[in-house]
Amino acid sequence: MKKILLTVVAALTLSFGASADEGMWLLPLLQKMNIKAMNELGCKLSAEDIYSVNNTSLKDAIVQFGGGCTGEIISDKGLLVTNHHCGYSSIQALSTPEHNYLEDGYWAMDNASELPVPGLSVKFLRQMKDVTKILEKDPTKKDALIKAAKEDFPGCEAFIENFYNDNVQYLIVYAVYKDVRFVGAPPACSGKFGGETDNWMWPRHTCDFSMFRVYAGKDNQPAEYSKDNVPYTPARSLKISLKGIKDGDYAMIMGYPGRTSRFNTEAQLKLTLESNAISIEARTLRQKLMWEAMEADPTVRLQYANKYASSANAWKKWIGMEKAFKKLDIIGRESQEEADFMAWVGKNHKRSEKYGSALGDIEKNVDGMRKPYLGMIRFTETLNRIEVLGFAGLFDKVYKAGKKNNKSDEEAINAAVEAVKAVYKDYYEPLDRVEAAALAELYNSKCDPWRRIDINVKNLFDSTAFTSAEKLEKLAAQGIEAVRKDPAMVLREEGIEMYRSLYKNYINYATELKKSSKTYTAGMLEWKKGQPSYPDANFTMRLTYGTVKAYEPKDGVLYKYYTTLDGVMEKKDNSNYEFRVPAKLEQVWKDKDFGDYAMPENGKVPACFLINCDITGGNSGSPVMDANGNLIGLAFDGNWESMSSDVMFEPDLQRCICVDIRYVLLLMDKVGGAGYPRNEMKFVK
Ligand code: ARG
């Protein structure tokens, strides 16, 4: 392995939180690993106040929202707050050009006007239990453990999740509530103020929140949607602090971080950069076409709002990551870490036997998977984005599932048609056509010659039935054989065949890679034994703690730890879609009609603030809490200077961007005119 001399960088603390701020900690281990340091930093709570299996604790107020975000309960009646970008797809789904809640905002004025969101659910964590030892002794115990947990927690979901690259196993239990209703949100121009331009950046002025309510059956247990359901009574809800925030104050976040790769090696990081480059290229092309169509027509803007935002979010993250990798010498530092690890391994015969080949094995497998893996990414980011092909895929999936469940042909076809019909609300054929042409050309110009797929875009779109519900219904009436002959179906099959051949090659290396990663991670844990450590994020609940903190993005520049509503007015440009300010907000600002949401010291309304906690995607919407566990804001973003954060934590640079709860309340109460949710909240002043 290459040994690179380090100039600027001090000892690396990969996945072992040496400083207070790094770490996505496991709740059951707080007592053992963290509470002392947390209390020293200012936290007034005990580990048991935060996570307890037997008593109510803070964790009972926090949910996984919609599968990919975090939300928190802020009243005894199941009122929930999360980010605007977490509610985004739900709000879009409820919107039409006539009732455009995404564009105009929405506030229910009573329970009756809260809007059910089909398909949206939230999960409450009931328990996480380390079962590593049990399963090491007897791996067949898995099903019995799950069964016992389901008996202990009737009606709950239970499963086993692995941590530290499969070195540790936890049994996790969730209660899943499926009746979640939309209460309100600011218009997108506030909830997404700054748009893609400000995304991942500080200074920030986005009021990134939306509100929902969890409903339950009359027994307070999870229930499918029914108008007879009642607001859920939580075991715990968060109080809201209006006391304000100072630099250096203790702050912590609990939530559901999605994925990090802090145990990845140099070889893996290099492959990640290569795959990101492929994705960036394809998305640059596709987003340009999307944006042009969206700018030209407000209906298309609504239809493609979520598709665009989610594409652009990852795209910008990858661009920032590439820059941060260079600037912070991530690869060089990783290489040094591995060299140090190998030196430790080499000092002892037993260690050498256990861990000596792990890094080499990882590299070998990464090299083996490179070609098929990058081919898969290229396919996914180009041909697989052609929407009509996706609709054909959806049809196929639902039809096959129906047949598997012994439905008649007709029933299975009808179910498939119904599933596909739902997508046309957000479909604009002319855009799909131009995208298809551009993406096919890009794919064919970059893939191996024998993997090219010949696509005549005009023929495809002129003759497929998958461009509209009417055409599809007509075709489906002729039976499954006719559907199979549809050009979109045929082309999709061809693509899938090609993808499968890549996957078959890839998966052998991936399976081996998993084993060598497990060994390497076990070695890392042994190397750093005695230091608190945390596993990579995996969509399970974690806690991260630190303080409110400013930062220096570059030489000579110091960023303050907070922004204010004045900054919204400074950025205001009503001719720019991303920087529009609603007239009502401007009026409230001019009138200084701020109620108790202004900062006592200067009369300004705080907008966003910074803390040095350790978060990633999935944490969006997480509560930012003070030393007493009261809500001071919502986490919603990371900062541009540390976009490599998923692989390495940067104590000096890495910040979590939060929206101040007072800005949220101003938009709900003073601008949105929704007083009734406020009456349910409990305040600390
Ligand atoms: N970067 C933030 C996240 O990943 C916000 C994403 C949504 N906003 C956007 N402008 N696309 O959670």
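Please read all numbers here as calculations on a predicted model, not as lab measurements. Every heavy atom of this structure was used, including side-chain atoms; hydrogens, water molecules and symmetry mates were not. Just so you know, ligand 1 is whichever comes first in the structure, and atom 1 is the first atom listed for that ligand.
Without hydrogens or angle criteria, Asp660 side chain to Cys608 main chain gives no donor-acceptor distance under 3.5 Å.
Shown here are the salt bridge (charged side-chain N to carboxylate O under 4.0 Å, His left out) partners of Glu586, two or more places apart in sequence or in another chain: Lys572, Lys590. Remark: Cys69 pairs with Cys86 by the disulfide bond (SG atoms under 2.5 Å apart) rule, at least two apart or across chains.
Residues of the protein with a heavy atom under 4.0 Å from ligand 1 are His85, Lys192, Gly195, Glu196, Asn199, Trp200, Ala309, Asn313, Ser620, Phe636, Asp637, listed by chain and number.
Between Phe391 and Tyr424, the ring center distance clears the sub-6.0 Å criterion. You'll find the ring centres of Phe539 and Tyr256 outside the 6.0 Å limit.
Screening residues 629-650 for salt bridge (charged side-chain N to carboxylate O under 4.0 Å, His left out) gives Arg204-Asp637, Lys317-Asp646, Arg333-Glu650 as the qualifying pairs, with residues at least two apart or on separate chains.
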